Amino acid sequence: MNELNYGWDQVRTRIHEACHRVGRDPQDLHVVAVTKYLDLEETKQVLDTGFVHVGESRVQDAVPKWKNLGNRGIWHFIGHLQRNKVKDVIGRFQYLHSLDRFSLAEEVNKRALQKEINVRCFLQVNVSGEESKYGISPNQLDEFAKEVANLSQIEVVGLMTMAPKLERTEEVRPVFRELKRLQQRLQKLDNPRLQVPHLSMGMSQDFDIAIEEGATWIRLGSILVGGYKRGGNL
Ligand SMILES: *Cc1c(COP(=O)(O)O)cnc(C)c1O
């Protein structure tokens, strides 16, 4: 899969450069290869290339892939999740990046209890306040986080946000900076279950800036899979 390798070479260089600019260790940065644009065979190739973390955003697309490849990677659910689909995700996806409401958290916890597993979750925050975006609003985050922290099977590993798509990418920087600030605010609550060490932020168009602002997980789709992208803006 030459295109994938080519894409990754360039991305890796940019990751290192971004880390270097702000004195961060590239080892602290993790990449989720977003495979939602890809079919089963292409997703397999992504794993063959050496990516460990794969991200999917739609249950109906993801489950058939997981049934074939689930024993190979670590699976991240990154899209909006309906409550009635939680049962399909828990036990398959080790990470949920889009925990954005308490009713969802309760369902995740219930299903995880049945399976006697923990689920690593990011709390999704709608920093930019766009109506089209999911996520808890920043001023409700602390309350939400405290409630989620009471659910035994949920391990709150961090915060996640999606920046708006802007012509001038630099303008998304305040969104990432704000997520970092919210992380620090949560950490000051001094709740051992809310250490939230991770920030899941940055996609193909803006990952350099996200890294400069403290991302520890970036979610990359189109920039990696380039020509394989099947047009969908899922
Ligand atoms: C699709 C998607 C991505 C990857 O987007 P690209 O712009 O293709 O890199 C990242 N995060 C979420 C939540 C997504 O839905």
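Bear in mind that the values here come from a model prediction, so they are computed numbers and not experimental data. Read the numbers this way: they start at 1 and go in the same order the structure lists the ligands and their atoms.
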Notebook entry, point to check: Side chains of H97 and H76: is there a donor and an acceptor less than 3.5 Å apart?
Noted result: yes
N or O pair under 3.5 Å between [X] and ligand 1:
X    : answer
S57  : no
L220 : no
K165 : no

Item checked: Other residues, nucleotides, ligands: >12 heavy atoms within 6.0 Å of R120 CZ -> no
Going by the order shown, which atoms of ligand 1 are within less than 4.0 Å of some heavy atom of [X]?
X    : value
S222 : 6 (P), 7 (O), 8 (O), 9 (O)
M203 : 3 (C), 5 (O), 7 (O), 9 (O), 10 (C), 11 (N)
Y37  : 1 (C), 5 (O), 6 (P), 8 (O)
R219 : 4 (C), 9 (O), 10 (C), 11 (N), 12 (C), 13 (C)

Ion pair check, [X] and [Y], cut-off under 4.0 Å:
X    : Y    : answer
R111 : E107 : yes
D48  : K44  : yes
R12  : D9   : yes
D61  : K36  : no

For ligand 1, is [X] a contact, meaning one of its heavy atoms is under 4.0 Å away?
X    : answer
Q205 : no
I223 : no
F207 : no

Notebook entry, point to check: At under 4.0 Å between heavy atoms, which part of M162 makes contact with ligand 1: side chain, backbone, both or neither?
Noted result: side chain
Note to self: Are the side chains of V46 and L38 in contact, using a 4.5 Å heavy-atom criterion?
What the structure shows: yes
Check: Checking ring-ring contact (aromatic ring centres under 6.0 Å, His included) for the pair Y95/W217: CA distance, chi angles, key distance, verdict?
Finding: CA-CA 12 Å; Y95 288 84; W217 287 90; 5.4 Å; yes
